[in-house]
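Report on the structure given below.
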There are 2 protein chains.
Amino acid sequence: MAQNQKSGRVTIKEVAEDAGVSVAAVSKVLREAYGVSEALKTKVRASMKKLNYRPLATARGMRGQTFTIGVTFPDLRNPFFADILAGINSALERTQYQLMLGVSLSTPLIEETLIDSMIDRQMDGLILVGTTVNPAFLEPTASRKPLVTIGHHVEGESSFDTVNNDDRLGAILVVRHLVANGYRKIAMLSLNSTTSTLITEREHGYRQAMGDHGLQEHVQILRVGQTLREVQTATRRLLQSPDKPDALFCWTDFIALEVISIATELGLAIPDDLAVVGYDNTMYCDFAQNNLTSVDQSGEVLGLQSARLLIERIRGRQEAEHFVVTPRVVARGSSLAVGGRGMGQGS
Amino acid sequence: MAQNQKSGRVTIKEVAEDAGVSVAAVSKVLREAYGVSEALKTKVRASMKKLNYRPLATARGMRGQTFTIGVTFPDLRNPFFADILAGINSALERTQYQLMLGVSLSTPLIEETLIDSMIDRQMDGLILVGTTVNPAFLEPTASRKPLVTIGHHVEGESSFDTVNNDDRLGAILVVRHLVANGYRKIAMLSLNSTTSTLITEREHGYRQAMGDHGLQEHVQILRVGQTLREVQTATRRLLQSPDKPDALFCWTDFIALEVISIATELGLAIPDDLAVVGYDNTMYCDFAQNNLTSVDQSGEVLGLQSARLLIERIRGRQEAEHFVVTPRVVARGSSLAVGGRGMGQGS
DNA sequence: CTGAAAGCGCTTACAG
DNA sequence: CTGAAAGCGCTTACAG
């Protein structure tokens, strides 16, 4: 009866008929627009409820908003993204915005397709986590849609907001921590991305800190892909070389856990033969079998702030804002030799 | 010029003008509909390319399809879902369908909202992974949208397709494996869900297998939530009780890794004092520090098949199909006491 | 405060 | 094979 035969959906027209008002009036109630009498509001709301009306987001998007926010993640294997999502979720909880996620498989081309397809679906705003797309793609996109990035560093960006932890400082803190615990030959296991600015920042911080501690001769950066096999091959080679480092700083926890596995298989004791440090301080760090020292950048805060900034953008803010979290090292067993290491405590 | 001022978007109308044909003709080329001359096709395609035309999915959805497939996951913490996603992705690679993900935080109410909002966004079909919503909600939803579930068991379901591994058999294989390795007091760490049929199946298999091996007196099922704190509290209590089991079968890897951590902290040796077995055979099982025996249910196959079935449904198939994968135990160090256990090898 | 009408960008019968 | 027109379910000026 009141239902559209085709889709089984109640439309705004049916609500209007039921309430005895115009379609425009129902629309106004829906949007909580100004200039509607309480009486009409009450009537319309009653009909909506009675008919179990749900506005069609796609139709709303034709003229107005879809109330959809798109979030892109590089992958689903890195548990850090769950923390970010939790933050975004809690920021959006009391709003009418709905989250839709996309995964780019850390591939710039797939990510561009994904972003385009989110715009084709009229999403009201985008949060890009750990984006790898070209700036030449990002700029025009941002000029057309409210956009916030997490984990992307750009100097004086004005067309979109950014949310970051201070990745350079994070790396500096790691080196400082390792040096304070007697490690000297500190290598870095980095990502072989050509576009990740987050990686650039961490590498920069690592180099800088090594220099500051007079350890430039030990600077060694391995840039490796994310597949298990690549990490294994590179790490095995490094740890079996005559020039084996005594500490390995990994760009993310997930990779650090693999390193612990490989080192263990090679018969190396952690942290005595090798210290391992990760980044992101994900829940796996706390597990006794990992006991992984890591850098906390508070994914939940990053997620929360990005959603907050995005909503502001959607509501009309024009000037860019850049939110930065200060990272901190959470020291655990993987870098704390019992009673300190024999060598190098003199600094 | 050729661009719509407002959104900076090229519309089908502008393509039609550029190509000197009607809007309907462009639409037909877009949909690869029958009855279009090669000459017209070529012309239109050239204009599309030249103007960099992208159809607006929301507008297409008003009459036809949006070419969007919605996938719901319980959470982003369980690495198993990355495997499923990989399978779905590879099935959709050569199609024009775009994936949009939603996360329900293992909460039925949030999941229902999520599903509704995906329908409001005119998604062409839905894949529900580890759904927890009520059948009373699922049935009417499935009658309106093509739907496939992964990890949801229903007897003779006819309104949607299901893709599963044989969860009952999986549990049976675990008990059999543990018994063969000398364990007797085998407890199960399960999930306190009231709606998960997957859990019911695994519990059933566990009970049945324990009975088959004459171990009904040792049947012990702990139903616990997914938060770290809940798992910790329950596991600590269990492992410190006088009636401590000698093996613990965990409903998913992620929980099993926590159990390994807790047991380690309590000074229990794995697998000598306690065997631990997980489910899903995620990549973490292979890490030397975990070395976790687990049940492989091939998430990638589950994902691939679900996408395949969904596309068939969208294309019009009416009869339900039910795909089942046979699970297998992947034995690792967490359940293989060196040289076998002293007791109970007599069976 | 309320409503009739136009319009968003597509697809879908229906003529020709 | 091609196109003019109606329509999908909303929102947006614009009258009243």
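Reminder, nothing fancy here: chain letters follow the sequence lines and each chain counts from 1. The figures here come from the full heavy-atom set of this structure, side chains too, leaving out hydrogens, waters and symmetry mates.
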Practice prompt. Please lay out, stage by stage, how E312(B) and R308(B) fare under the test side chain to side chain contact (heavy atoms under 4.5 Å, CB included).
Written response: CA-CA 6 Å; E312(B) 287 181 16; R308(B) 183 182 63 75; 2.9 Å; yes
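Each of dG3(D), dG3(C), dT11(C) was ranked by its minimum atom distance to the side chain of R31(B); first place goes to dT11(C). Picking from dT11(D), dG3(C), dG9(D) the nucleotide with the shortest atom distance to the side chain of M62(A) gives dG9(D). The listed nucleotides are dG3(C), dC10(D), dT11(D); the one nearest the side chain of A25(A) is dG3(C). Closest contact between the side chain of R63(B) and the listed nucleotides dA4(D), dC10(D), dT12(C) involves dT12(C).
Side chain of T42(A) to main chain of E38(A): a donor-acceptor pair is present (N/O by atom type, distance under 3.5 Å, no hydrogens or angles). A donor-acceptor pair under 3.5 Å is formed between the side chain of D75(A) and the backbone N or O of N78(A). Panel note: side chain Q98(A), backbone M100(A); no donor-acceptor pair is recorded below 3.5 Å. Of the possible donor and acceptor atoms, none in the side chain of R54(B) sits under 3.5 Å from a partner among the backbone N and O of R9(B).
Within 4.0 Å (heavy atoms only), A24(A) reaches at least one base atom of the nucleic acid. Y34(B) comes within 4.0 angstrom of no nucleic acid atom, judged by non-hydrogen atoms across all strands. Backbone-only engagement by V21(A) is indicated by non-hydrogen atom pairs under 4.0 Å involving sugar-phosphate atoms exclusively.
The CG-C1' distance, from L30(A) to dT11(D), rounds to 10 Å in whole Å. What separates CE of M48(B) from P of dG9(C) is a distance of 15 Å, to the nearest Å. Taking atom NZ of residue K28(B) and atom C1' of nucleotide dA5(D), one finds them 13 Å apart after rounding to whole Å. In this structure, I12(A) atom CD1 and dG7(D) atom P are separated by 18 Å, rounded to whole Å. Going from atom CZ of R54(A) over to atom P of dG9(D) covers 16 Å, rounded to whole Å. With rounding to whole Å, Q65(A) atom CD is found 21 Å from dG9(D) atom P. The distance between atom CG of L56(B) and atom C1' of dT11(C), rounded to the nearest whole Å, is 13 Å. What separates CZ of R9(A) from C1' of dC8(D) is a distance of 12 Å, to the nearest Å.
With a cut-off of 3.5 Å on both Watson-Crick or G-U wobble distances, the partner of dA4(D) is given as none. Under the Watson-Crick or G-U wobble criterion, with both distances below 3.5 Å, dA13(C) has no partner in any strand shown.
For dT2(C), the OP1/OP2 oxygens have no side-chain nitrogen or oxygen of S22(A) closer than 4.0 Å.
Across residues 114-122 of chain B, not one residue has a non-hydrogen atom less than 4.0 Å from an atom of DNA chain D.
A side-chain contact (heavy atoms from CB on, under 4.5 Å) with E111(B) is found for one member of T195(B), D116(B), T132(B) and no other, namely T132(B).
Note on R313(A) versus D124(A): no salt bridge recorded, every NZ/NE/NH1/NH2 to OD/OE distance being 4.0 Å or above. A salt bridge links R77(B) with D83(A): at least one charged nitrogen is closer than 4.0 Å to a carboxylate oxygen.
Both K13(A) and S37(B) lie near DNA chain D, and the one whose nearest nucleotide falls closer to the 5' end is S37(B).
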